[in-house]
Amino acid sequence: MRYWLMKSEPSVFTIEELEKAPNKTVDWIPTKGIRNYQARNFMRDDMSLGDLAFFYQSNCDTPGIVGIMEITKLAYPDPLQFLKGNKYYDPKSSPDNPRWLNVDITLVKKLPLIELKKLRNYSELKDMMILRKGNRLSITPVSQKEWLFINTIL
DNA sequence: GCCAACGTTGGC
DNA sequence: GCCAACGTTGGC
């Protein structure tokens with residue numbers, strides 16, 4: 001079992017919206033395709049059912065962790081890539097050989113906001129990819145140690 | 001809104 | 001296969 005951190009911009013999708021979704025489950029992120037090979041490879045190669053992920057809100061006034069989610073559907077082709085005219089349409093992808101994938105996630109629980117500023121305070125977390133300068137990857141692995149530690153500072 | 005950091009694209 | 005140009009991300 002692995003642990004992850006997945007980013008969403010509140011202007012695109014919030015944890016409140018996730019909470020209101022049927023069964024608190026959505027494809028990640030509704031209306032927005034993941035178009036990054038590293039993130040895709042993590043989903044395709046390393047994610048398992050039951051893996052847990054932090055919901056991280058980015059590009060906003062208070063970036064940080066706001067919840068815990070579970071992976072409830074393994075990687076499958078992202079339908080947006082086949083929709084002509086859609087922002088995430090990819091003419092180089094085909095149903096036979098889809099280029100982009102997505103997973104479904106289910107909200108486990110909301111957390112009180114753990115701000116990025118706070119995460120930076122702990123030497124235990126200094127290796128987290130989210131804390132690296134210039135980090136832009138929307139899905140990053142979290143080690144078990146980091147996961148457990150963050151659960152102790154809620 | 002700024003801008004550094006990064007990924008992708010495409011000409012050569 | 002290199003690398004400049006470009007677009008995007010995201011903290012501040």
Side-chain angles (χ1 to χ4, degrees), chain A residues 2-21 26-47 51-69 71 74-105 107-143 145-147 149-154:
Chain A
R2 295 175 194 249
Y3 302 93
W4 305 94
L5 181 145
M6 298 168 78
K7 292 182 195 172
S8 178
E9 302 183 28
S11 62
V12 176
F13 184 66
T14 64
I15 194 162
E16 285 75 23
E17 290 173 86
L18 173 56
E19 199 172 29
K20 287 181 203 148
V26 298
D27 55 311
W28 187 257
I29 299 169
T31 76
K32 190 176 183 196
I34 296 175
R35 296 292 180 267
N36 172 283
Y37 288 104
Q38 257 185 292
R40 179 204 67 183
N41 293 349
F42 280 139
M43 291 192 286
R44 184 189 62 195
D45 303 333
D46 299 320
M47 272 190 184
D51 281 4
L52 296 175
F54 287 125
F55 187 122
Y56 178 91
Q57 60 181 22
S58 65
N59 203 10
C60 58
D61 289 345
T62 53
I65 291 169
V66 292
I68 293 177
M69 315 180 283
I71 310 301
L74 288 176
Y76 58 91
D78 172 8
L80 298 180
Q81 69 196 305
F82 306 128
L83 296 181
K84 257 192 187 134
N86 188 282
K87 184 180 176 189
Y88 297 99
Y89 175 65
D90 184 346
K92 292 178 183 167
S93 184
S94 71
D96 291 344
N97 187 19
R99 176 180 291 195
W100 304 113
L101 304 174
N102 205 343
V103 294
D104 285 359
I105 57 88
L107 180 66
V108 175
K109 61 176 171 180
K110 283 173 74 176
L111 298 175
L113 170 68
I114 311 169
E115 285 195 60
L116 176 60
K117 268 189 293 187
K118 184 174 179 186
L119 295 175
R120 291 195 191 284
N121 289 339
Y122 301 101
S123 62
E124 290 89 341
L125 303 178
K126 64 176 172 17
D127 294 329
M128 283 189 78
M129 289 180 74
I130 192 72
L131 301 183
R132 283 188 207 159
K133 196 174 182 182
N135 161 67
R136 291 170 44 185
L137 198 52
S138 65
I139 298 177
T140 51
V142 173
S143 76
K145 272 187 183 171
E146 290 159 352
W147 181 273
F149 181 77
I150 290 170
N151 275 274
T152 68
I153 59 169
L154 297 178

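Computed from heavy atoms alone, side chains included, the values below leave out hydrogens, waters and symmetry copies. We name chains A, B, ... by the order of the sequence lines, and we start the count at 1 in each one. Treat the numbers as computed from the prediction; the structure is a model and nothing was measured.
By the 6.0 Å contact criterion, NZ on A/Lys118 is enclosed, its count of non-hydrogen atoms from other residues, nucleotides or ligands being greater than 12.
At whole-Å resolution of the value, CG in A/Asn135 and P in C/dG10 are 7 Å apart. Between the CG atom of A/Asn41 and the P atom of B/dG7 there is a distance of 13 Å, given to the nearest Å. Taking atom CD of residue A/Glu9 and atom C1' of nucleotide C/dG11, one finds them 12 Å apart after rounding to whole Å. Atom CE in A/Met128 sits roughly 13 Å away from atom P in C/dG11 (whole-Å rounding). One atom, CG of A/Asp90, and another, P of B/dG7, lie 19 Å apart when rounded to the nearest Å. Going from atom CD1 of A/Ile29 over to atom C1' of C/dT9 covers 13 Å, rounded to whole Å. Look at OH on A/Tyr37: it is 16 Å from P on C/dT8, rounded to the nearest Å. One can place CG of A/Leu131 at 10 Å from P of C/dG11, the figure rounded to the nearest angstrom.
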Item to complete: Kindly indicate, with the supporting measurements, whether the criterion ring-ring contact (aromatic ring centres under 6.0 Å, His included) is fulfilled by A/Trp4 and A/Tyr56.
Response: CA-CA 10 Å; A/Trp4 305 94; A/Tyr56 178 91; over 10 Å; no

Worksheet item: Could you walk me through whether A/Val26 and A/Ile29 pass the side-chain contact (heavy atoms from CB on, under 4.5 Å) check?
Response: CA-CA 7 Å; A/Val26 298; A/Ile29 299 169; over 6 Å; no

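In terms of phosphate contacts, A/Tyr56 brings a side-chain nitrogen or oxygen within less than 4.0 Å of OP1 or OP2 of C/dG11. The shortest distance between the side-chain N/O atoms of A/Lys7 and the OP1/OP2 oxygens of C/dG10 is below 4.0 Å.
At a cut-off of 3.5 Å, with distance as the only test, a side-chain donor of A/Tyr76 or A/Asp104 sits close to an acceptor on the other residue.
Between A/Lys133 and A/Arg99, the residue whose closest nucleotide on DNA chain B is further toward the 5' end is A/Lys133. Place A/Asn59 and A/Lys87 on DNA chain C by their nearest nucleotides, and A/Lys87 ends up nearer the 5' end. Both A/Gln38 and A/Lys92 sit near DNA chain B, but only A/Gln38 has its closest nucleotide nearer the 5' end.
Within 4.0 Å of A/Arg120, counting heavy atoms only, lie sugar-phosphate atoms of the nucleic acid but no base atom.
You'll find the ring centres of A/Trp100 and A/Tyr37 inside the 6.0 Å limit.
Looking at the side chain of A/Lys32, the nearest of the listed nucleotides C/dT9, C/dC12, C/dG10 is C/dT9.
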